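Here the structure comes first, spelled out in structure tokens, and everything after it is commentary.
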Amino acid sequence: MTDLAYAGAARQAELLRAKEVSSRELTEMYLERIGRIDSKLNAYRDVWAETALEAAGEADRALAAGEERPLLGVPIAIKDTLDVAGDVTTLGTAGFDRPAAADSILVSRLRASGAVILGKTNLPELAIHGYTESRTFGATRNPWDTSRTPGGSSGGSGAAVAAGLAALGHASDGAGSIRYPAANCGLFGLKPQRHRVPIDTEHWFGLSVNGAVTRTVADTALFLDAVTGGAAWSPNAPPPPERSFSEAAAAAPGRLRVAVSVKPPRAVAPPQLLDESRQMVEETAELLGGLGHEVEWRDPDWGSVGNQISARYLGGIAEDVDAVPHRDRLEPMTRGYRRIARVAAPRWALRRALRLEASDRERIGRTFAEHDVLLTPMTAGPPRPVGHFASKRPLACLLAESRWYPFAVAFNHTGQPAASVPAGLSSEGLP
């Protein structure tokens, strides 16, 4: 059963279809593991054992009847940013208290695909940070070392999948929030292209998308097949792929042209990059070359994209703060970020950022005229200690996170897909 806990969604789906395991067995296994392990990690905000077991029973009956759906019977976790009917979507804060009237589009699609929802996972207040700590729900810890953060804002989902407490975890990414937990927890995390995966309302002026953190590329491909199939969810949704994501993930990639760079976009403060992270990029580039790919060091033309990123990120936070019904319950850190936004993200700067998106995308995208893939570091180094960022004052926290996580946000601004891929362990044995 321990092997099953770490098998991932794609393998579990195969075993379920082959009748080698039942959905109830998988669900009971995860509920037992959550009860035994999660007190050390705090990955889950809430666990719905009764409804999960009911859904598992329905899945087993559907499997016995020969039904085939992508995630039929697979137990998953949902980040507490999605509405589930009857549950308060807390967004990591005590500022909300009204239960959702209906499921979000993505939850509806996950249910339709046959997924069994185990519960909701933790995040920092309003999904702002690259760590997962809040005054309301406490600190979420990294299964590799519980003194370290799993990253954020999808840290609860990252910790749950890394610890074998779910087959996959829904996640969202407005400034790297899928990819940071993936990097910190040794997982795969794809930020899909904008409009690919359903999202109920535009968030952070288009920076945010939904996705998942998973154990394998095949797991993420299965998730995408489950939630993007059928009728287009939005008029802006891109056309469906010529073949399923699962088929594409299983196919040989051919000889790729790989650009490699350790130059980040300009951050709010001078970016950091530890020697070990630089070494991991160099070793990965060497590995890709040894596999027959064409590898070339080339820096993208980032231009002044950092200015646009800051305006959209802080402007989005300001909108979120202003929409909280009980703003008096927000943390001092969150209120501090709102004050920073008044100075750093005026409306004219936001309008300019949105206007420059297309030209930024075209300029940065020139890299892909001659290369298929751009390889960069994901984080400046291995996971930081719990409290490292949260103990700082708001401006110091913003500067510290900007320096530690400078590589991800440009692709939220351009709307392009970007992924975090495991690339070895640090000298301390951390992802």
Side-chain angles (χ1 to χ4, degrees), residues 1-38 41 43-44 47 49 52-53 55-60 62-64 67-79 110-111 113-119 121 142-144 150 154 156-171 178 181-190 211-227 244-251 419-422 425 431:
M1 298 304 285
T2 300
D3 290 341
L4 275 176
Y6 292 99
R11 179 61 180 147
Q12 287 184 9
E14 292 176 356
L15 295 171
L16 286 161
R17 287 193 299 271
K19 309 295 193 295
E20 294 186 31
V21 69
S22 71
S23 180
R24 186 175 183 92
E25 287 173 324
L26 289 175
T27 302
E28 288 178 340
M29 171 197 69
Y30 279 127
L31 292 173
E32 186 277 330
R33 289 179 63 84
I34 292 167
R36 178 163 47 87
I37 297 170
D38 196 43
L41 301 177
Y44 281 88
V47 178
L53 290 170
E58 293 174 4
D60 283 331
L63 287 161
E67 289 188 31
E68 290 195 8
R69 286 179 269 160
L71 291 171
L72 186 56
V74 177
I76 69 168
I78 298 291
K79 182 180 178 180
L110 287 166
R111 290 194 199 276
S113 76
V116 174
I117 299 175
L118 295 167
T121 56
N142 194 317
W144 290 77
S154 306
S157 288
V161 175
L165 307 184
L168 68 78
H170 156 258
I178 291 173
N184 282 344
C185 295
L187 302 171
F188 177 70
L190 170 70
V213 284
T214 63
R215 303 199 68 81
T216 69
V217 174
D219 297 341
T220 290
L222 185 65
F223 168 85
L224 290 173
D225 287 334
V227 301
S244 72
F245 290 102
S246 294
E247 289 175 302
S420 176
V421 181
L425 302 176

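Computed from a prediction, not measured in an experiment: that's the story for all the values here.
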When you measure from the side chain of [X] to the backbone of [Y], do you find a donor-acceptor pair of N or O atoms at a distance under 3.5 Å?
X	Y	value
Thr27	Arg24	no
Tyr44	Leu165	yes
Arg17	Glu68	no
Tyr6	Ala167	no
Ser157	His170	yes
Arg33	Gly164	yes

Search all heavy atoms of [X] against all heavy atoms of [Y] and return the closest pair with its distance.
X	Y	value
Met1	Met29	O-SD, 3.0 Å
Leu41	Ala163	CD1-CB, 3.5 Å
Phe223	Gly211	CZ-O, 3.4 Å
Thr121	Ala77	CG2-CB, 3.7 Å
Ala162	Pro143	CB-CG, 3.9 Å
Pro150	Asn142	CA-ND2, 3.7 Å

Assess, by modelled atom type and distance only, whether the side chains of Ser154 and Lys79 contain a donor and an acceptor separated by less than 3.5 Å.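 Present: a donor and an acceptor within the cut-off.
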To the nearest 0.5 Å, tell me how far [X] [atom1] sits from [Y] [atom2].
X	Y	atom1	atom2	value
Thr220	Leu187	OG1	CG	9.5 Å
Arg111	Ile76	CZ	CD1	9.5 Å
Asp60	Leu63	CG	CG	6.0 Å
Leu168	Ile78	CG	CD1	8.5 Å
Leu222	Thr214	CG	OG1	10.0 Å
Leu16	Leu71	CG	CG	10.0 Å

Is [Y] close to [X] at the side-chain level, that is, under 4.5 Å between some pair of heavy atoms?
X	Y	answer
Leu26	Val116	no
Leu4	Leu15	yes
Cys185	Val213	no
Gln12	Pro75	yes
Asn184	Trp144	no

Only one of Leu190, Val217, Leu224 clears side-chain contact (heavy atoms from CB on, under 4.5 Å) with Phe245; which?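 Of all the options given, the one that passes is Leu224.
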Show the numbers, then the answer: is there a side chain to side chain contact (heavy atoms under 4.5 Å, CB included) between Val161 and Asp219? CA-CA 11 Å; Val161 175; Asp219 297 341; over 6 Å; no
Does Arg11 come within less than 4.0 Å of Glu14, counting only side-chain N to carboxylate O?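 Glu14 and Arg11: salt-bridged.
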